Every structure is written in C-alpha cells, then in structure tokens.
Student: 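First the structure, then my questions, so here it is.
All values derive from a computational prediction rather than experimental measurement.
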Amino acid sequence: MEQKCKEKHYFVEPGSIFTCWKPYSLATVLGSCVAVCLCDPTTKIAGMNHFILPKRKGNQNLAHFGNSSIEHLLRMMCNMGAKKDNIQAHVIGGAYSPEYSSCEVGKKNVEEAKRTLNKYKIPIVNNDTGGAFGRKVLFNTTNGEIIVYKSRAIREQDWYDDKSINNR
C-alpha cells in the first residue's frame with residue numbers, strides 16, 4: 001500500500017532562505033521586504049527567500065539582501081538537483097508604508113529582485129509588488145502556486161500567531 005506524503009508547513013522569517021524537495025506550504029509576511037519564490041516544476045524542488053534590503057556590501061548576512069539572497073537560493077536549489085532552465089519565479093512584496101519605511105526601500109527591493117532574476121534568465125511568472133498593502137504569502141512547493149493576501153495593516157497575529165504552522 002502506497003503511503004501518501006503529507007505536506008509540511010514552514011514560516012520563512014525575514015532575512016531567511018528555505019529550500020526543499022518534499023511537499024511544503026511556505027508562508028511569510030511582507031511589507032517593504034520582498035519574497036522570491038522559485039520552483040522547478042519538473043524536479044519539484046522549490047524555495048523561498050525573504051529579503052530586507054536590495055544590495056549586500058561587505059561581510060553582511062547574505063540572506064538579508066536581494067542580490068546575494070536570490071543567488072544563494074538559486075545555487076541551493078541547483079545543488080539539490082533543480083535544473084536552472086526549468087525554474088520559474090514569483091516576486092511578491094515591496095510595499096510602501098510611510099509608518100515603517102521609506103518609499104524607496106520597497107521599490108529598490110523589487111528592482112533588485114527583477115534585475116537578479118533577469119541576470120540568471122529566470123522567468124517571472126507572477127509579479128505582485130508595490131502599492132501600499134502588506135502581504136501574507138502562501139507558496140505550495142509541489143505545484144508552484146501562490147496565494148497572496150493583502151492587508152492595509154499587517155496584524156501582530158500575522159507574525160506571532162500560528163507562525164510556522166507548528167512545524168519548526
């Protein structure tokens with residue numbers, strides 16, 4: 001009798017990268033930050049990052065910055081067996097919230113994500129960026145689908161309630 005593989009859940013924190021080859025539902029919450037979700041539909045290898053600022057300079061944490069975070073996510077997936085020519089991207093986030101960030105941070109994060117993906121010839125199949133709304137993102141690594149919830153104000157419970165869906 002074949003046992004069905006149950007999907008696991010994981011919350012991707014700001015300044016983090018997550019990759020997998022097993023079925024996962026990945027979630028994150030974004031304001032001016034950007035998440036890039038990558039999926040190779042052939043091998044079912046996928047991943048998500050959540051970066052805070054566009055460019056890394058010096059010896060800083062590479063996951064916090066768009067240019068290094070996307071490159072590292074792509075490298076991790078290829079090391080796991082993903083084929084670069086099959087990988088597709090979703091780019092989400094980059095909102096402007098005058099209470100929390102300058103207008104330029106979200107815009108520059110989105111520009112860096114697109115520039116880096118273009119550099120590696122990764123097609124963007126979904127682009128949900130900019131505006132004034134925060135976003136809660138759910139990414140199904142099995143089929144590459146995403147759900148984006150938009151909100152004028154990210155609630156504290158979006159960050160702290162049921163964060164990694166009890167599976168960290």
Side-chain angles (χ1 to χ4, degrees), residues 10-20 24-41 45-80 82-141 143-155 158-159:
Y10 190 81
F11 188 89
V12 180
E13 301 273 351
S16 297
I17 302 170
F18 184 89
T19 58
C20 59
Y24 267 87
S25 177
L26 303 179
T28 199
V29 177
L30 304 162
S32 61
C33 296
V34 167
V36 173
C37 304
L38 298 180
C39 182
D40 177 345
I45 295 170
M48 176 193 279
N49 70 1
H50 178 152
F51 66 88
I52 302 164
L53 296 169
K55 292 225 185 243
R56 179 178 183 222
K57 296 173 184 150
N59 200 15
Q60 300 161 317
N61 179 342
L62 65 85
H64 284 232
F65 302 92
N67 62 336
S68 55
S69 179
I70 295 168
E71 290 173 355
H72 194 67
L73 171 59
L74 184 58
R75 187 170 33 259
M76 289 169 67
M77 288 177 57
C78 289
N79 287 343
M80 293 169 75
K83 305 296 180 213
K84 191 175 89 49
D85 292 341
N86 296 336
I87 295 175
Q88 301 172 338
H90 302 278
V91 179
I92 306 103
Y96 166 59
S97 173
E99 298 171 36
Y100 301 108
S101 67
S102 81
C103 178
E104 294 299 309
V105 173
K107 181 180 174 184
K108 288 180 179 180
N109 280 341
V110 171
E111 289 170 356
E112 186 59 37
K114 291 178 178 180
R115 186 195 68 72
T116 304
L117 292 167
N118 185 52
K119 173 182 170 184
Y120 290 98
K121 298 179 174 48
I122 305 296
I124 298 171
V125 296
N126 187 352
N127 177 44
D128 190 335
T129 58
F133 291 98
R135 293 161 172 89
K136 186 170 188 175
V137 181
L138 301 175
F139 176 46
N140 182 323
T141 65
N143 59 20
E145 293 178 353
I146 64 168
I147 298 171
V148 179
Y149 300 98
K150 294 183 182 177
S151 176
R152 284 194 199 281
I154 299 297
R155 303 161 303 193
D158 289 328
W159 281 106

Student: What are the two closest non-hydrogen atoms of Met48 and Phe139, and how far apart are they?
Tutor: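 The answer is CE-CB, 3.7 Å.
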Student: I'd like to check Leu117 versus Leu38 (side-chain heavy atoms, cut-off strictly below 4.5 Å). Are they in contact?
Tutor: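 Result yes, sub-4.5 Å side-chain heavy-atom pair found.
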Student: Which heavy atom of Ala82 sits nearest a heavy atom of Asp40, and at what distance?
Tutor: CA-OD2, 3.4 Å
Student: Would you check if Leu138 and Glu145 make a side-chain contact, meaning some heavy-atom pair closer than 4.5 Å?
Tutor: no
Student: Mind checking side chain to side chain contact (heavy atoms under 4.5 Å, CB included) for Asn67 and listing every partner two or more places apart, or none if nothing turns up?
Tutor: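 With neighbours one apart ignored, the set is Lys55, Arg56, Phe65, Glu112, Arg115, Thr116.
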Student: With heavy-atom distances below 4.5 Å as the criterion, would you say the side chains of Ser25 and Asn140 are in contact?
Tutor: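 Heavy-atom side-chain distance check fails, nothing below 4.5 Å.
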Student: Can you list the residues that meet the side chain to side chain contact (heavy atoms under 4.5 Å, CB included) rule with Asn79, with sequence neighbours excluded?
Tutor: Arg75
Student: Does any part of the side chain of Cys39, heavy atoms only, come nearer than 4.5 Å to the side chain of Gln88, both counted from C-beta?
Tutor: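 Answer no - side chains too far apart.
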Student: Find the distance between NZ (Lys107) and CD (Glu104) and round it off to the nearest 0.5 Å.
Tutor: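 It comes to 5.0 Å.
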Student: So for atom NZ, which belongs to Lys83, do other residues, nucleotides or ligands contribute more than 12 heavy atoms lying within a distance under 6.0 Å?
Tutor: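 Counting other residues, nucleotides and ligands, NZ of Lys83 stays at 12 neighbours or fewer.
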Student: Within this structure, what is the CG-NE2 distance for the pair Leu62 and His64, rounded to the nearest 0.5 Å?
Tutor: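 Going from the CG atom of Leu62 to the NE2 atom of His64 covers 9.0 Å.
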Student: Give, for atom CD1 of Ile122 and atom CG of Asn86, the distance between the pair rounded to the nearest 0.5 Å.
Tutor: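 Output value for this atom pair is 9.5 Å.
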Student: Would you find a donor on one side and an acceptor on the other, under 3.5 Å apart, between the side chain of His90 and the backbone of Gly144?
Tutor: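 Checked: pair present.
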Student: Side chain to side chain contact (heavy atoms under 4.5 Å, CB included), that's the test. Do Val34 and Leu30 meet it? Break it down for me.
Tutor: CA-CA 7 Å; Val34 167; Leu30 304 162; 5.8 Å; no
Student: Please enumerate all residues that pass salt bridge (charged side-chain N to carboxylate O under 4.0 Å, His left out) together with Glu71, with sequence neighbours excluded.
Tutor: Lys119
Student: Return the CD1 to SG distance between Ile45 and Cys78, rounded to the nearest 0.5 Å.
Tutor: 8.5 Å
Student: Is Asn49 reaching over with its side chain to a backbone N or O of Phe51, donor-acceptor style, under 3.5 angstrom?
Tutor: no
Student: Distance from Ser32 atom OG to Asn109 atom CG, nearest 0.5 Å?
Tutor: 6.0 Å
Student: Please test Tyr24 against Tyr10 for ring pair (Phe, Tyr, Trp, His ring centres under 6.0 Å), starting from the C-alpha separation and ending with a verdict.
Tutor: CA-CA 7 Å; Tyr24 267 87; Tyr10 190 81; 7.0 Å; no
Student: First locate atom CD1 of Ile124, then atom CG of Asn118, and finally report the distance between them rounded to the nearest 0.5 Å.
Tutor: 8.0 Å
Student: Do the non-hydrogen side-chain atoms of Val12 and Val137 ever get within less than 4.5 Å of each other?
Tutor: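 With C-beta onward as the side chain, the pair stays apart.
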Student: Please name the pair of heavy atoms, one in His50 and one in Val29, separated by the smallest distance, quoted to 0.1 Å.
Tutor: CE1-O, 3.0 Å
Student: Heavy atoms only: give me the nearest Gly15-Asn61 pair and the separation to one decimal.
Tutor: O-ND2, 4.4 Å
